[in-house]
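The first residue of the sequence shown is numbered 1, and numbering continues consecutively from there. Every value quoted in this text rests on a predicted model; they were computed, and no experiment measured them.
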Amino acid sequence: MAAISADQCRLNDPALSQACPVANESSLLLDSDVDKIVERKLRTTNFRVSQWRLEQLEKVDGFLGQYHRLYVTVKTGDRTERFRFFAKALPLSGSHLCSYVVESNALNKEIAIYSELIPRLGPGTCSKWSSDFYLGKSNAILVLEDAKENGYETVDRYLTYDEDHCVWAVRTFSVLHSRSLILDEKLRRSTGQTMLDVYGEMLSEVGLNTSNPYVSKFLQASCIGAESIIDLVEGLTSVERAALKQWANTWISRLPQMITRSKKFRNLISHGDVWANNIMFKEDSNGKVVGCYLVDMQYVRFSPPAIDFMMVSYLTTDYATRKQCYARLLDVYYDTMKKELASEGLDVERCLPRAEFLQSCDELRATVMAFALAYLPIMLISNDTLEKYSVKSSEGSNDVLHGDKRVEVVMLQWQITGQYKQRLTDLIIEIRDRLAKRELGDTAKH
């Protein structure tokens, strides 16, 4: 199979997504593919690949792919160089997760985002915020810079971010949103088109697209799972439990309508899958954060940037940190955007007024909290539990993510993992507190 560019990967063509073969590991890459990867890495054709191998990674947190490391030995004149790359392929063939990725075109979308959209956005004035792209093959494999080789690591998903990590994450998301806003303004001025006119196919919804039958099943399972968690939290009155369950069922079931583009607030390119596994940090020898990458782009959507901003808080921190750091993180986010836009001669108050951004954060808080209540119980399942229930196999993923095993898995993880219990209790208590203060609004506002 030849390497493809994003314009060859027709993102919304159902016939293509069904027709593309699911590659086995031996056919994921050809010698010509590896040559192209090295050519893009070295920016020259003056080399010879002497050997290469693709190794599947055994222990990787993630549901929507099989992950590999590509090792390449290259001869350039009298020199021998060795390179390492990260590769993401389709989930296990025959699994429900594989069917989901193929039917939703998620991998092809991610290839297009990395190969076309991110280069168009540019790095901005801060440090680089995304891995370099090297190769994409339709419904087969995506090859990127190996961020770990360059010192980037994720924070343990059971640990909540401290203030330093929060600041870096929020700043990095602000750069992504700023570059989107800058590109949108340039398009409007030069062509009269908007970001959505030009990149609409790439920005189509994947994660919560209700045309995909797995989405409605996931939401149903999430509502049932949320009710079971509410029953497990200690210290709630029967009235509070009933109110929490009603809120959870209403808001989780409405997520597809609430999390997408807004008619009220400005929409920008948003990451859409904000949690500990998709944010990588680089630290210096003293443990100080000096860089941040955003990874996994298959859920990128066109929505208010407040959703990404609030997801950083609700999917990576605890209640106490949110209360303590919220004002500072707002300042960091908005000051970063102001700086990025000013570098291109744009006024942030004209493009995204601070008052409007603050209002969007307040009104979209309930949406993000419902998203956290639906997804965090799955995101925090341990690898041992995933293996026990065969979540990445054919039947296991359907039973746990979309079926009747959700409650069983949630209850098991609650019993055996203290951090799991603490994180979800923390979330439920904040929802209770905000419901009591009538701070979570209604679904009509968005």
Full working for salt bridge (charged side-chain N to carboxylate O under 4.0 Å, His left out) between E145 and K128: CA-CA 12 Å; E145 164 194 350; K128 195 173 71 161; 2.9 Å; yes

Any donor-acceptor N/O pair, [X] side chain to [Y] backbone, under 3.5 Å:
| X | Y | value |
| --- | --- | --- |
| N108 | N139 | yes |
| S262 | K264 | yes |
| T191 | Q193 | yes |
| K137 | L28 | yes |
| R157 | N277 | no |
| N105 | K109 | no |
| S115 | I113 | no |
| S204 | E201 | yes |
| R322 | T317 | yes |
| R189 | D184 | no |

Closest approach of [X] to [Y] (non-hydrogen atoms, all atoms of both residues):
| X | Y | value |
| --- | --- | --- |
| L219 | S253 | CD1-O, 4.3 Å |
| N249 | C223 | OD1-CB, 3.2 Å |
| L236 | I230 | CD1-O, 3.8 Å |
| A243 | L435 | O-CD1, 4.2 Å |
| A248 | A226 | CB-CB, 4.1 Å |
| Y114 | V295 | OH-CA, 3.8 Å |

Out of curiosity, [X] [atom1] to [Y] [atom2], how far, rounded to the nearest 0.5 Å?
| X | Y | atom1 | atom2 | result |
| --- | --- | --- | --- | --- |
| F133 | M297 | CZ | CE | 13.0 Å |
| L142 | L90 | CG | CG | 11.0 Å |
| I259 | L364 | CD1 | CG | 8.5 Å |
| L232 | E227 | CG | CD | 12.0 Å |
| L244 | I429 | CG | CD1 | 8.0 Å |
| M280 | C292 | CE | SG | 10.0 Å |

Stepwise side chain to side chain contact (heavy atoms under 4.5 Å, CB included) check, Y152 with S131: CA-CA 10 Å; Y152 289 82; S131 301; over 6 Å; no

A side-chain contact here means heavy atoms from C-beta on lying under 4.5 Å apart; do [X] and [Y] qualify?
| X | Y | value |
| --- | --- | --- |
| V155 | T160 | no |
| Q66 | Q56 | yes |
| W414 | S228 | no |
| S382 | Q413 | yes |
| H271 | F173 | yes |
| L329 | F309 | yes |
| K282 | V289 | no |
| L176 | S130 | no |

Cationic tip of [X] above [Y] ring, under 6.0 Å, 45° of axis:
| X | Y | value |
| --- | --- | --- |
| R261 | F302 | no |
| R406 | F218 | yes |
| K88 | F86 | no |
| R432 | Y319 | no |
| R254 | W251 | no |

Side chain to side chain contact (heavy atoms under 4.5 Å, CB included) involving N209 - partner list, sequence neighbours excluded: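 So N209 forms a side chain to side chain contact (heavy atoms under 4.5 Å, CB included) with E205, S211.
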
Test side chain to side chain contact (heavy atoms under 4.5 Å, CB included) applied to R350 and E185, step by step: CA-CA 11 Å; R350 187 189 68 80; E185 289 290 323; 3.0 Å; yes

Verify whether one side chain among [X] and [Y] offers a donor that lies under 3.5 Å from an acceptor in the other.
| X | Y | result |
| --- | --- | --- |
| T260 | S303 | no |
| H177 | D308 | yes |
| Q298 | D273 | no |
| Y161 | D318 | no |
| Y314 | E430 | yes |
| E110 | Y299 | no |
| T125 | E340 | yes |

Pairs flagged by salt bridge (charged side-chain N to carboxylate O under 4.0 Å, His left out) wherever residues 240-251 is involved - sequence neighbours left out: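 Found D231-K245.
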
State plainly whether the residues [X] and [Y] are in salt-bridge range, i.e. N to O under 4.0 Å.
| X | Y | answer |
| --- | --- | --- |
| K338 | E349 | no |
| E163 | R328 | yes |
| E344 | R179 | yes |

From CA spacing to verdict: side chain to side chain contact (heavy atoms under 4.5 Å, CB included), D132, L144: CA-CA 6 Å; D132 291 331; L144 301 168; over 6 Å; no

Check: F357 ring centroid to F265 ring centroid under 6.0 Å: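 Judged by ring-centre distance (under 6.0 Å), F357 and F265 do not meet the cut-off.
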
Distance flag, aromatic centroids of F85 and Y134, threshold under 6.0 Å: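 Judged by ring-centre distance (under 6.0 Å), Y134 and F85 do meet the cut-off.
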
Stepwise side chain to side chain donor-acceptor pair (under 3.5 Å) test for E103 and Y214: CA-CA 10 Å; E103 289 171 13; Y214 292 110; 4.8 Å; no

Please output the side-chain donor-acceptor pairs of residues 369-380 that fall under 3.5 Å, not counting sequence neighbours, one pair per line with the distance.
none

Other residues, nucleotides, ligands: >12 heavy atoms within 6.0 Å of E408 CD: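 Buried by this count: over 12 neighbours within 6.0 Å.
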
Audit row: V290, E283, side chain to side chain contact (heavy atoms under 4.5 Å, CB included) steps and yes/no: CA-CA 5 Å; V290 294; E283 299 180 353; 5.8 Å; no

